[in-house]
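What follows is a single structure, written as structure tokens, with notes after it.
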Amino acid sequence: MNFQDEMKQIFLRVAAGEMEPEEWEAWWNSNRLKLEEVLNRGDRGRMMPALWDANYYWMAKTQSGVAYYFHAQGRPVKVSGYYEEKRQEEEARERQKAMEGYYKDIASARQQWETYLQNHPINTVAFDWKSLLGTPTGQVPAKEFPYKKARTTEQWKECGEELKLRLKENLQAKIAPVAKAYGMKKAGPKTFVREKNGLVSRIQFIGYFRGGGYEAMSCYLCPIYAIQHGTLDLPGHVCQGENSQRMQKDWGVIQYGSEAVDAAMVERINRKFDDILIFLAGGVLPEWQKIDSLETYFAKERRDYLKATEKGPKAPGTGRAMWDLDLGEKEDPWRADAYLFGVWDLLNGREREGYASLEECVRHNSNYMEDYMKEFPGAYNDPRDAMAVMYHNAQLFLRTRETLDAENRRDQIQETYEEVCRFMRYYHGLAKKTERD
């Protein structure tokens, strides 16, 4: 048997999933010079990429390169799913190992945060949210469509209406009950909010701007006087970890209304809302429940814990961080944290630090905001314009510095805080429309 015949027999074994990574690596290395003569550079690169390592992730890449080689020769071959199955098992093990290392790295910060919580007990929520998974109770049977893709205006309308029905069913059957269990109330057909001890928590499903379903989901916890930008309110493994990544995958199934919402599509929508429910009830809401006061929100132990969780472990295969929320040397472009912590410092009598932070926030945004406010003079009363609202609030707090008497100044700071919170309740959806001069 000449080398080309041997090579093709080896390639067929790879296609069939019959070679282990170590065996393939040994054969390739022992025949490297011959392979350089027989294969072109593209085929060599597809079968044995530069970063190739003896594992099933790279073996699946090799199999793909082999399949391409035969296809290019006009001899397509059927490939086995063996390497892909083993890759998934291998990745799950490596991911678990990486997460174990991550939890070990953050153990000290986590322990300090948990010790803080032990000294500040909270009411836990006992709610069997897992019983909500699956097909929503009372779901209307799926319709039959004579088409798959919407082509006409009438078909787009029909698909959009059916999609909205399925979203409403799942929202009412899965999200609304768990939100209610955590004390949240509806602030609209797809928005849930809660106010407690100077804090607001909010979950909102954002409609797709071209019609159809939900473009995204916004969820945040912050002081009532603040906006939903800046400092994280959740550990990295909660807001960007496995549950978050699973939820974001295939999000289009609840976003676009361009396909027939038949039985298969309804099942996909149900599964996607299961992912959303797991993300919220299995991580977000329990974490929020731990924070029942402004003091806890700003506790050093909590901030240190959040800082420790900003960067995730390296993902198997790619070597990249599973998530990375650390801005590094970059400053928050809005200076929302300067506003957030500046007001908190003022409320706690740290006026020098508070005014310095608020001054930074106002100064950084002044060039843009002054021109913007001339064009849109009422923007600071518009909940859709977070930056204008924050800028105006920061100015209000800064003006209290002009009061020379210390006691009067403290009173004015408190009055300003209450006035700002009055408007911000409307901003967050906690109260009806409120305007200010």
Side-chain angles (χ1 to χ4, degrees), residues 1-102 133-134 237 241-253 264-265 267-268 270-272 274-275 278 312-323:
M1 179 186 297
N2 61 36
F3 177 71
Q4 287 201 9
D5 290 337
E6 177 191 347
M7 179 187 73
K8 290 180 180 179
Q9 289 299 317
I10 292 292
F11 288 177
L12 288 172
R13 288 184 61 199
V14 171
E18 296 175 354
M19 288 193 79
E20 292 300 305
E22 293 79 6
E23 183 184 2
W24 163 258
E25 182 181 37
W27 178 84
W28 181 277
N29 289 337
S30 64
N31 293 280
R32 187 177 295 275
L33 294 179
K34 295 178 183 178
L35 289 165
E36 288 178 357
E37 295 177 1
V38 176
L39 299 176
N40 61 45
R41 184 177 180 180
D43 284 332
R44 295 198 307 272
R46 280 184 285 270
M47 293 183 198
M48 206 65 166
L51 299 176
W52 197 94
D53 195 11
N55 57 50
Y56 291 104
Y57 171 84
W58 287 107
M59 202 62 199
K61 298 285 187 184
T62 294
Q63 187 184 52
S64 177
V66 165
Y68 183 91
Y69 169 81
F70 282 116
H71 177 78
Q73 290 195 334
R75 295 178 52 201
V77 294
K78 184 177 180 180
V79 297
S80 164
Y82 172 75
Y83 297 131
E84 179 60 25
E85 292 174 5
K86 298 294 286 186
R87 181 198 69 78
Q88 292 179 8
E89 295 174 4
E90 188 176 66
E91 182 176 331
R93 289 193 301 270
E94 291 298 319
R95 184 176 289 270
Q96 181 179 358
K97 182 178 178 181
M99 288 303 298
E100 288 173 355
Y102 162 80
L133 297 171
H237 55 268
E242 184 178 359
N243 289 343
S244 173
Q245 293 166 18
R246 185 187 305 113
M247 178 185 69
Q248 295 297 334
K249 187 177 181 181
D250 195 29
W251 184 272
V253 72
M265 179 64 76
E267 179 58 27
R268 290 176 64 196
N270 292 344
R271 289 200 302 269
K272 183 48 54 186
D274 284 349
D275 294 339
I278 292 170
K314 292 183 178 180
T318 65
R320 301 189 186 97
M322 293 184 192
W323 65 86

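One finds the CZ atom of Arg75 at 11.5 Å from the CZ atom of Phe11 (value rounded to the nearest 0.5 Å). Of the inter-residue distances, the one linking Met59 atom CE with Tyr56 atom OH reads 9.0 Å to the nearest 0.5 angstrom. With values rounded to the nearest 0.5 angstrom, Arg41 atom CZ is found 7.5 Å from Arg44 atom CZ. Note that the CD atom of Glu18 and the CD atom of Glu23 stand 10.0 Å from one another [nearest 0.5 Å]. Note that CD of Glu84 is 8.5 Å distant from CD of Glu91, once rounded to the nearest 0.5 Å. Note: Asp5 CG to Ile10 CD1 = 12.0 Å, rounded to the nearest 0.5 Å.
Under a 4.0 Å N-O distance rule, the pair Lys34/Glu6 does not qualify as a salt bridge. Using a cut-off of 4.0 Å between Lys/Arg side-chain N and Asp/Glu carboxylate O, Glu100 and Lys97 are scored as not salt-bridged. By the 4.0 Å N-to-carboxylate-O rule, Arg46 lies close enough to Asp43 to be salt-bridged with it.
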Check your understanding: Going through the distances and angles, do Tyr83 and Thr62 end up as a side-chain contact (heavy atoms from CB on, under 4.5 Å)?
Key -> CA-CA 10 Å; Tyr83 297 131; Thr62 294; over 6 Å; no

Review point. Does the pair Met47 and Trp28 meet the rule for a side-chain contact (heavy atoms from CB on, under 4.5 Å), with working shown?
Key: CA-CA 10 Å; Met47 293 183 198; Trp28 181 277; 4.1 Å; yes

Review point. Please walk me through it: do Glu25 and Trp52 pass side-chain contact (heavy atoms from CB on, under 4.5 Å)?
Key: CA-CA 9 Å; Glu25 182 181 37; Trp52 197 94; 3.7 Å; yes

Practice item. Please step through side-chain contact (heavy atoms from CB on, under 4.5 Å) for the pair Gln63 and Ser80, ending with a clear verdict. Key: CA-CA 9 Å; Gln63 187 184 52; Ser80 164; 4.3 Å; yes

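Applying the 6.0 Å contact sphere to OH of Tyr82 captures more than 12 heavy atoms from other residues, nucleotides or ligands.
For Glu242, the side chain to side chain contact (heavy atoms under 4.5 Å, CB included) partners at least two apart in sequence or on another chain are Arg246. Asn55 is linked by a side chain to side chain contact (heavy atoms under 4.5 Å, CB included) to Asp53, Tyr57, Trp58, Glu90, counting only residues two or more places apart in sequence or in another chain. Partners of Glu37 according to the side chain to side chain contact (heavy atoms under 4.5 Å, CB included) rule, which considers only residues two or more places apart in sequence or in another chain, do not exist here.
The backbone N or O of Met247 sits less than 3.5 Å from a side-chain atom of Lys272, completing a donor-acceptor pair. With Asn270 contributing its side chain and Gly134 its backbone, the two residues share no donor-acceptor pair below 3.5 Å.
When every heavy atom of Leu133 is checked against every heavy atom of Asp274, the shortest pair comes out as CA-OD1, 3.5 Å. Residue Ala54 comes nearest to Pro21 through the heavy atom pair C-CB, 3.8 Å, listed as atom of the first residue, atom of the second, then distance. Of all the heavy atoms in Tyr69 and Lys8, the pair that sits closest is OH-CE, 3.7 Å.
Counting heavy atoms from C-beta outward, Met48 and Trp24 have side chains that approach closer than 4.5 Å. Residues Pro313 and Met99 meet the side-chain proximity criterion, which asks for heavy atoms closer than 4.5 Å. The side-chain heavy atoms of Asn31 and Met7, taken from C-beta on, include no pair separated by under 4.5 Å.
Ring planes of Phe3 and Trp27: parallel class, angle under 30° (limits at 30 and 60°).
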